[in-house]
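Hydrogens, waters and symmetry mates are skipped; everything else that's a heavy atom, side chains included, is used. Since the model is a prediction, treat every value here as computed from it, not as a measurement.
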Amino acid sequence: MGRRRQGESEDGRGEATELVASESRTDRLRIRAAWMYFVEQMTQNEIADVLGVGRVTIVRMLADARARNEVKITIESELSEIVRLERALEKTFGLQQALVAPLSAADADPISAISAKTGSFLSDTMKSGMRVGVGWGQTLFSSLPFISAKSLTDFKVISLLGGVGVVRRVNPAEFAWRFAQIFQGDGYLMPTPAVVDSVETKIALIERCGLQEIFEMADVLDAVLLSVGGIASATTFSRGGFLKEADREALLARGAVGDLLFHFFDRNGDLVDHPVNSHVMSVDVDRLRKAPIRILTSGGEEKTEALLGAMTLIAPTILITDEESARRMLEAVSGS
């Protein structure tokens with residue numbers, strides 16, 4: 001699908017597009033370089049290594065920032081607070097990169113802003129020859145209109161979660177398939193329910209129904225694209241209809257704060273003791289952590305605890321969230 005034209009509005013997407021359009025990749029790199037150099041006192045070579053560009057490019061960006069009057073005694077730019085949050089997230093959680101989406105208001109729904117930021121990042125990051133494992137969720141699904149379509153050779157998308165038996169707009173198979181189509185790649189789906197009745201059924205489906213290939217492919221992924229679900233609200237359950245309210249209450253009683261591919265975990269990033277974690281038809285967390293690029297995109301007040309737990313559970317290399325979620329995460333860590 002093509003990008004929505006600036007000015008169009010559907011569920012706030014027009015406004016989110018304008019926010020993203022106002023900050024080009026060049027602007028972001030320039031302000032990040034200026035912040036690292038003038039505020040963090042990093043050397044030009046160190047900045048070049050972090051941003052993945054040459055030292056000459058850093059010199060040019062710093063000169064450009066001064067010429068634009070963005071650097072005086074402090075960095076003067078509407079992006080400076082966003083950059084501060086990104087750098088704080090990177091240092092606090094050991095991330096390679098944090099991307100923080102600005103919001104039009106503190107109480108605005110963050111999904112459209114995070115989705116726009118995610119789509120822009122994926123447009124630049126996906127390359128020919130990649131093997132990408134994908135999860136599901138409203139944020140990921142909403143990022144599809146913001147991804148620039150292009151043809152990539154030998155590009156493979158692997159769905160990391162079952163659930164094709166339930167026809168819904170936000171469906172694991174639907175997202176994986178549409179994501180693969182955007183890049184004209186091959187899609188590999190997991191044609192099973194999201195949750196089965198026993199460990200024996202799970203083993204039988206993997207070993208006897210041709211799913212072993214999917215799990216083997218998950219061992220050699222170049223990247224994983226994931227989102228987390230919060231458990232305090234009924235979002236995870238109402239969107240999928242896979243678990244009952246009694247399951248949610250039992251998970252809460254065991255300390256669960258959210259799920260990643262229906263693996264339910266606590267605030268410390270440990271999987272909780274509940275049968276669903278052994279009955280879910282999804283790739284296990286240990287396999288996901290093997291991927292060199294681990295992208296986690298989520299936000300919202302109800303997901304703060306889930307995001308904090310996921311920092312340990314999956315140890316993302318890339319975090320994409322909104323500014324209010326970023327502040328809540330940092331405040332929670334500093335106050336603990």
[X] versus [Y]: any side-chain heavy-atom pair under 4.5 Å?
X: Asp259; Y: Ile231; result: no
X: Leu211; Y: Met281; result: yes
X: Trp35; Y: Arg87; result: yes
X: Ser282; Y: His263; result: yes
X: Lys290; Y: Leu221; result: no
X: Leu288; Y: Leu261; result: yes
X: Asp124; Y: Arg25; result: yes
X: Leu319; Y: Leu89; result: yes

Is the side chain of [X] donor-acceptor paired with the backbone N or O of [Y] at a distance under 3.5 Å, no angle test?
X: Arg289; Y: Leu313; answer: yes
X: Ser120; Y: Ala116; answer: no
X: Ser143; Y: Leu140; answer: yes

Original post:
So which of Gln97, Arg28, Lys91 actually passes side chain to side chain donor-acceptor pair (under 3.5 Å) with Glu86?
Top reply: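 Filter result, single survivor: Arg28.
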
**OP:** Determine, using the 4.5 Å side-chain heavy-atom cutoff (strictly less than), whether Ile58 and Phe38 are members of one ILVMFWY cluster.
**Re:**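 Yes, one cluster joins them.
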
Original post:
Is Val280 reachable from Leu252 through a run of I, L, V, M, F, W or Y residues, each pair having side-chain heavy atoms under 4.5 Å apart?
Top reply: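 Leu252 clusters together with Val280.
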
**OP:** Under the side-chain contact (heavy atoms from CB on, under 4.5 Å) rule, what do Phe175 and Leu144 come out as? Steps first, then yes or no, please.
**Re:** CA-CA 8 Å; Phe175 173 75; Leu144 292 170; 3.7 Å; yes

What heavy-atom pair brings [X] and [Y] nearest, and what distance separates the two atoms?
X: Leu330; Y: Ala88; result: CD1-CB, 3.7 Å
X: Gly230; Y: Ala306; result: CA-CB, 4.5 Å
X: Trp136; Y: Ser227; result: O-CB, 3.7 Å

Subject >> All side-chain contact (heavy atoms from CB on, under 4.5 Å) counterparts of Glu323, not counting sequence neighbours >> reply: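 Here the qualifying residues are Ile82, Leu85, Val100, Pro102, Leu103, Arg327.
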
**OP:** Report the distance from atom OH of Tyr188 to atom CE of Met217, rounding to the nearest 0.5 Å.
**Re:**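 So the gap between those two atoms works out to 5.0 Å.
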
Subject >> Atom pair CE/CZ of Met190 and Phe215 - distance to nearest 0.5 Å >> reply: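 Result: 4.0 Å between the selected atoms.
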
Please say which of [options] ends up in a side-chain contact (heavy atoms from CB on, under 4.5 Å) with [X].
X: Arg294; options: Leu95, Thr317, Leu225; value: Thr317
X: Ser159; options: Ile214, Val283, Leu189; value: Leu189
X: Ile295; options: Leu122, Val224, Leu226, Val132; value: Leu122

Heavy atoms of other groups near [X] [atom1], more than 12 under 6.0 Å:
X: Tyr37; atom1: OH; result: no
X: Asp270; atom1: CG; result: yes
X: Glu301; atom1: CD; result: no

Original post:
In terms of side-chain geometry, is the basic nitrogen of Arg30 or Asp27 positioned less than 4.0 Å from the acidic oxygen of its partner?
Top reply: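 The answer is yes: the pair qualifies as a salt bridge.
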
**OP:** Considering only NZ, NE, NH1 and NH2 on the basic side and carboxylate oxygens on the acidic side, decide whether Asp222 and Arg131 come within less than 4.0 Å.
**Re:**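 Arg131 and Asp222: not salt-bridged.
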
Original post:
Under the side-chain contact (heavy atoms from CB on, under 4.5 Å) criterion, do Gln44 and Leu62 qualify, and how do the steps go?
Top reply: CA-CA 9 Å; Gln44 293 172 355; Leu62 293 175; 3.9 Å; yes

**OP:** Report the residues that fulfil salt bridge (charged side-chain N to carboxylate O under 4.0 Å, His left out) with Glu46, sequence neighbours left out, ordered by chain and then residue number.
**Re:**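 Not a single residue meets the salt bridge (charged side-chain N to carboxylate O under 4.0 Å, His left out) criterion with Glu46.
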
Subject >> Geometric class of the Phe183/Phe179 ring pair [parallel <30°, tilted 30-60°, perpendicular >60°] >> reply: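 Answer is perpendicular, since the angle exceeds 60°.
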
**OP:** Mind running side-chain contact (heavy atoms from CB on, under 4.5 Å) on Thr92 and Met311 for me, showing each step along the way?
**Re:** CA-CA 10 Å; Thr92 301; Met311 293 300 102; over 6 Å; no

